[in-house]
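Heads up, the thing below is written out as structure tokens.
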Protein chains: 4
Amino acid sequence: MKVKDEQKYDRLIAAAIDLLAAGGLANFSTTKVAKQAGIPQSNVYIYFKNKQSLLEAVFQATVHTESVAVAAAIDDNAELAEQLAMSIRALYDFALAQPAVVTALQVLTEDVALKQKFALKADDTANQKIQHLLTTGVTQNILQPVDLNLLRYFLTRPIFHYAEGRRHGLYSATTTSIDELVVMVMGAVLQPTPFQTWLQAQSE
Amino acid sequence: MKVKDEQKYDRLIAAAIDLLAAGGLANFSTTKVAKQAGIPQSNVYIYFKNKQSLLEAVFQATVHTESVAVAAAIDDNAELAEQLAMSIRALYDFALAQPAVVTALQVLTEDVALKQKFALKADDTANQKIQHLLTTGVTQNILQPVDLNLLRYFLTRPIFHYAEGRRHGLYSATTTSIDELVVMVMGAVLQPTPFQTWLQAQSE
Amino acid sequence: MKVKDEQKYDRLIAAAIDLLAAGGLANFSTTKVAKQAGIPQSNVYIYFKNKQSLLEAVFQATVHTESVAVAAAIDDNAELAEQLAMSIRALYDFALAQPAVVTALQVLTEDVALKQKFALKADDTANQKIQHLLTTGVTQNILQPVDLNLLRYFLTRPIFHYAEGRRHGLYSATTTSIDELVVMVMGAVLQPTPFQTWLQAQSE
Amino acid sequence: MKVKDEQKYDRLIAAAIDLLAAGGLANFSTTKVAKQAGIPQSNVYIYFKNKQSLLEAVFQATVHTESVAVAAAIDDNAELAEQLAMSIRALYDFALAQPAVVTALQVLTEDVALKQKFALKADDTANQKIQHLLTTGVTQNILQPVDLNLLRYFLTRPIFHYAEGRRHGLYSATTTSIDELVVMVMGAVLQPTPFQTWLQAQSE
DNA sequence: GATGAATGAGGTTTCATTCAT
DNA sequence: CATGAATGAAACCTCATTCAT
């Protein structure tokens, strides 16, 4: 089942991302993916076992792309809180640069029927780095002592939402800036005292 | 579109909610809705112009139910910050009590293809009450001075996410309590100083 | 089954004519007729036994309207050939004045499934007058000695076709005038010698 | 849309022609076509993009068949007027030999909703030949100086009408012969003088 | 491995007609 | 008589998946 022509494989993934971003899961079909990729319909089943399997691959690909973009933007030498702020801004930039990837990822993550069906690849180093950042933050009493999934939720979903809102004109830089969003997210994930500290560091 | 037999209308809405909650938009069909409601499929078109129109009705119904539940739980005499905290808890209770309604609402709100296609009914008084709360909060420099949509996002989505996580075992009361979630959300939406004030009021 | 509210009856007929003219039999339905007439769907079955019966009534109505218009325009004192020419021009004027009626009639007459299912009302005096004209013409060796139906075909269909062509820009007055069409039709229905005579009378 | 199994394609076209001839556009459906062709309904969409596209293919096929039959019967060495007379008789013979093809073509040509939606294939040589005949006739002052579409109308529709009338008993050889029809059509399309000339040539 | 063909199920919508009120 | 509701059939079209070449 694996990959003779890697170029076609990639084209299928890319087409699937575009399709998901444009119409959501409800309008997603192997037929459309193949057409968009310029590949015969039945070829989808050479590269993927079935529709579900294709979606899983899309999930892995988008998570990975996003993690890499975010991890790359983090300065390891900065304060932990500052590293988080950086990750938020990086995610925002990424969401503006690659809206389809982000939207596709959101579609897949949000879907009721697929929820938690997808297992994250354990060996994604970029992903691990971010995970490590959170663990450390909790241990050092900088971050709220809650489940990492919840922290991650606050650090991603609102940013996706805001980025999409900006792209579609729901938000504008004047009514709601990215700086304000960063403050809000930091206010949620940081413990009160580190939050104050971080705020003062910002205003200097 | 005048409806005599309101009972069937209601059954269709209820069936649609259940279906959306169970399978998302991708697995939603008028055929299934009708079957679930125990009604011939073509009857759906007596009560609704088309599929889209049915979804719109579901949207209105779920928004309304949720707004009512939340608005009812708010004590008008409490401090504004405290009213917000109440609304968060009310929303959480509602999400646990009526998970299907909340999930259906989320499915409809989150969908790429439908996004912002649905117009909120302007005359929903429960909804207006919450909107008013936010406006006042911003004017009085208690809430972050951002677009009301973004405030509302923070005040709903994370709660839905957490409630669903609790229901599915992703979160448990010991690793992450609702109290902690309330603090996080308040940290996001309140301005730093009112946040501090509110925190102290909590610990007393 | 017959007609309490004659106004609604007429509205249904008129709506049916418009519908047939706009979309042909393939897009004709009792649902659409009722909607166009602003009348509840099920009311169609008060005024007409069924769809077929409604179409039959439309047929009678359109044939009658057309016959009256044509018959009224014929000068009984003119030469027989000239009377025919008048009828051609009258039909053309009528087709331009009431395109929907003419098109609906054509749709009904041309349809394979209905063909010759409709019996012409025998008591239509306007219709009888034209029929009489043709009989006389054949008897007097002015018209070609063929079946009256065929004469009538030549005296109507090409005119409908031309009128519609004019309305839709297929023909224009400069490339093909109504005068030329009259000559062609007269050339078809008149016997050669009367045709020559008629032609000379024209040029004087 | 490349077709391997041309046999099924042809069967679909043939089934469509029969269906159109039997019931007109109003009773035409892909379901029925498929059933008549002995093929699953969804297979229609392997060979044709949609219903409209199937009808277009039927149109091309019938026009082509008819043009070929007519063109083949024309003796290039005969007088132009005589060639036209030949084409009329050829069309009549064709209409008797292949009534379904002719009726289907008429149904498609006459329909209000489809009118002028179908583009004639420019590369149909048989069709071109007839068109050339008409152009020449007009240039040489043999045919009436009108739009070619109108000439073509007179040279086809009445013949179809007559042939169908014969088949259904509306006309019989004794009341109205094909010879008489030829004279009528020639009287319509020829200019008066060539018409006289042609008539005399006939009686010799 | 690649591809066009095949297929049966399912989806949305419209319809003609009937019925109860 | 008028009308909204009801219904089952049928229409068009798309899909996921399999198969033969």
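The shown structure was predicted, so the numbers you read here are calculated from the model rather than taken from an experiment. By convention in this document, chain letters (A, B, ...) are assigned in the order of the sequence lines, proteins followed by strands, and residues within each chain are numbered from 1.
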Pairing stems for DNA chain E [at least three consecutive pairs; Watson-Crick or G-U; under 3.5 angstrom]: E:2-21 with F:2-21
Euclidean distance, atom NZ of residue Lys32(B) to atom P of dA9(E) [Å, nearest integer]: 16 Å
Qualifying residue for side-chain contact (heavy atoms from CB on, under 4.5 Å) with Gln36(C), from Thr31(C), Leu12(C), Leu19(C): Leu19(C)
Rounded distance (nearest 0.5 Å) linking atom CZ of Phe59(D) with atom CG of Asp111(D): 12.0 Å
side-chain contact (heavy atoms from CB on, under 4.5 Å) partners for Ala14(A), two or more places apart: none
Length of the line joining Tyr9(D):OH and dG4(E):P, which is rounded to integer Å: 17 Å
Residue closer to the 5' end of DNA chain F, Asn27(A) versus Asn43(B) (nearest nucleotide): Asn43(B)
Flag side-chain contact, heavy atom, 4.5 Å: Leu54(C) against Phe28(C): yes
Student check: side-chain heavy atoms of Val102(C) and Arg167(C) closer than 4.5 Å: no
Protein-nucleotide distance (Lys8(B), atom NZ; dG4(F), atom P), rounded to Å: 16 Å
Residues in side-chain contact (heavy atoms from CB on, under 4.5 Å) contact with Ala61(D), at least two apart in sequence or another chain: Ile13(D)
Interatomic distance where CG belongs to Leu19(D) and C1' belongs to dC12(F) [whole Å]: 15 Å
DNA chain E: 5'-proximal contact among Pro40(A) and Ser29(B) (nearest heavy atom): Pro40(A)
Give every pair of a protein N or O atom and an N or O atom of nucleotides 17-21 of chain E that lie under 3.5 Å apart, one pair per line with the distance.
| unit_1 | atom_1 | unit_2 | atom_2 | d |
| --- | --- | --- | --- | --- |
| dT17(E) | OP2 | Tyr45(C) | OH | 2.6 |
| dT17(E) | OP2 | Lys51(C) | N | 3.1 |
| dT17(E) | O5' | Tyr45(C) | OH | 3.4 |
| dT17(E) | O4 | Gln41(C) | OE1 | 3.2 |

Distance in angstrom units between Leu25(C) CG and dC15(E) P, rounded: 13 Å
Gap between atom CZ of Phe48(D) and atom CD of Glu56(D) - 0.5 Å precision: 11.0 Å
Residue Tyr47(A), side-chain atoms from C-beta onward, closest of dA6(E), dA2(E), dT7(F): dA2(E)
Distance, rounded to the nearest Å, where Phe28(B) contributes CZ and dG11(E) contributes C1': 12 Å
Spacing between Gln7(C) atom CD and dC1(F) atom C1', to the nearest angstrom: 16 Å
Under the side chain to side chain donor-acceptor pair (under 3.5 Å) test, residues paired with Thr30(D) that sit two or more places apart: Gln41(D)
Any residue meeting side-chain contact (heavy atoms from CB on, under 4.5 Å) with Ala22(D), in chain and number order, not counting sequence neighbours: none
Between P of dT14(F) and CZ of Phe48(D), the distance in whole Å: 15 Å
